[in-house]
There are 2 protein chains.
Amino acid sequence: MGRHKGYDREEVLEKAMHLFWRKGYEGAHLQELVEVTGLNRFSLYKEFRGKDGLYEAAVDHYLGGLRHLSEVLNREPLGMANILEEVRLVVFSDFPYGCFMTNALTQQEVLNERIRKRVRDFVTASEQMVLKNLEAARLRGELSPDSDLAGLAKFIVTFDIGIVTFSTTQPTQEDKRRIYENFRLMLTRGTGVQSPGSGEASDAPAVLVNRTR
Amino acid sequence: MGRHKGYDREEVLEKAMHLFWRKGYEGAHLQELVEVTGLNRFSLYKEFRGKDGLYEAAVDHYLGGLRHLSEVLNREPLGMANILEEVRLVVFSDFPYGCFMTNALTQQEVLNERIRKRVRDFVTASEQMVLKNLEAARLRGELSPDSDLAGLAKFIVTFDIGIVTFSTTQPTQEDKRRIYENFRLMLTRGTGVQSPGSGEASDAPAVLVNRTR
DNA sequence: AATATTTTTCACCTATCGTTCTGAAAAATA
DNA sequence: TATTTTTCAGAACGATAGGTGAAAAATATT
């Protein structure tokens, strides 16, 4: 009953998300959102009830997409290799606009409280995923028993946030190689873990990664 | 000759900078800027040629302020201790709005080309300051002769960017302590350098620090 | 005191913001 | 086919954005 929708909600969200991603909440004007999504204003309001709602839906869309993107940190066997792989993917991502969620961290003053909480919770969730791998790593003897795992998880997430933001300066491939290699050395020598060595980028996803599609 | 200005340029810039800092370029509306600076629209336009000019002047103001703020990385004797001290100050800063310049990194799409370059150059300059300390550290035997100093500098700056951004999640003092301690362990054990140990925050300034005044 | 010079005040401008409304087109149901 | 339901395209909404012009107010010079 009724006319068919001329748009696909997920496609619209994907496009809207990318505009918010590049321009930020205030920087992404409704006119641009209409143009880039192809969705007209009326339908946009009916579906998302305004700019706030669209942004919030875009956050959900991003988070939903992360379910399969976080597979690196969730895949067995858990341990340091997963963490290094995740960081490697983040470092070698070619998307130069940071991370949708961590960009939002510096926009909290113009976001409503609910979204602000969502954004902060994302950081906590990332920590938890890293921590899970660290705990497994300790059980497997990759880390000394007295390591501060929670602190180490925070350190790693902090570095992730740093690298996605640093990526906006358009570092060269060589720059990225050196940054990752130094991180790997720090982490392995600093914790005494066995290292899987450095490598090239792949298309696989990561937690704080710059999703390009 | 003529009437006195009812405002102090530096004070105006300080206040404008803080609003841009918290809200971002698009998020800081002219009306708010007028209210917070106390300067009326016309005088604001006359002095700074509009919002762009004001933002650019605020960047200059910030950078100017950093001249004496970068003293930690520039003070003798150069070496790893300076770097650890600088990171420590960044970590323990209580200002929860990130760093004015690194926040701008994620707003590049709404900034004009000149400012964008200014912002990126800031990152490069920070790298150079860290690098200078690393080179001195190598000469002093704090680092092995075959270390990749430029890469290590990028790693450290990346971590700095990460921590100022992470600070927007309002981490506890204990969280900060653990993050810094893990960074210190990574850096010292990862490079084999002598560590000065961890400590509390001081009021001294730093390079990527959150300036609160 | 008079004049010149500069800053400030305040009203107003146009453009665009996010939002809402209207009427017509299209598809599903009766 | 007629009716209902929903989407679509666009105009129009009030509010506010950033930017400006002319006159008033205040200071410095003569």
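Throughout, protein chains are lettered first and strands after them, A, B, ... in sequence-line order, and every chain is numbered starting at 1.
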- Could you tell me whether the side chain of B:Ser43 and the main chain of B:Leu39 form a donor-acceptor pair under 3.5 Å? no

- Message: Testing the basics here: between A:Ile161 and B:Phe166, what is the closest heavy-atom pair and its distance to 0.1 Å?
- Response: CD1-CD1, 3.9 Å

- Task: Determine, for A:Arg138 against A:Glu135, whether the closest basic-nitrogen to carboxylate-oxygen distance falls under 4.0 angstrom.
- Result: no

- Query: What is the distance from CD of A:Glu35 to C1' of D:dA9, rounded to the nearest Å?
  - Reply: 14 Å

- Taken to the nearest whole Å, CG/A:Asp52 to P/C:dC17 is 16 Å

- Message: Can you measure A:Leu30 atom CG to D:dG10 atom C1' for me and round it to whole angstrom units?
- Response: 14 Å

- Query: Which residues within residues 38-49 of chain B lie with some heavy atom under 4.0 Å of an atom in DNA chain C?
  - Reply: B:Asn40, B:Phe42, B:Ser43, B:Lys46

- Separation of A:Glu32 atom CD from C:dT16 atom P, in whole Å? 12 Å

- Taking NE2 from A:His29 and P from D:dA17, how many angstroms apart are they, rounded to a whole number? 12 Å

- Task: Measure from the ring center of B:Phe100 to the ring center of B:Tyr55 and say whether it is less than 6.0 Å.
- Result: yes

- Message: What does the 5'-to-3' dot-bracket notation of DNA chain C look like when only Watson-Crick and G-U wobble pairs under 3.5 Å count, and pairs to other strands show as |?
- Response: ||||||||||||||||||||||||||||||

- Message: Go through it in stages, so that I can follow the logic: the residues are B:Thr124 and B:Asp121, the test is side-chain hydrogen bond (donor to acceptor under 3.5 Å, both in side chains), and I'd like the CA-CA distance, side-chain angles, deciding distance and then a yes or no.
- Response: CA-CA 5 Å; B:Thr124 310; B:Asp121 286 347; 4.8 Å; no

- Message: Without decimals, in angstroms, what is the distance between A:Lys23 NZ and C:dT16 P?
- Response: 14 Å

- What class does the angle between the rings of A:Trp21 and A:His18 fall in, given that below 30° is parallel, 30 to 60° is tilted and above 60° is perpendicular? parallel

- Excluding sequence neighbours, so at least two apart, what forms side chain to side chain donor-acceptor pair (under 3.5 Å) with B:Asn103? none

- Is it true that the side chains of A:Arg120 and A:Gln108 contain a donor and an acceptor less than 3.5 Å apart? yes

- Task: Calculate the interatomic distance between A:Lys51 atom NZ and C:dT19 atom C1'; express it in whole Å.
- Result: 12 Å

- Query: Rounded to whole angstrom units, what separation is found between the CD atom of A:Gln31 and the C1' atom of D:dA17?
  - Reply: 16 Å

- With ring centroids as reference points, do B:Phe183 and B:Phe159 lie under 6.0 angstrom apart? yes

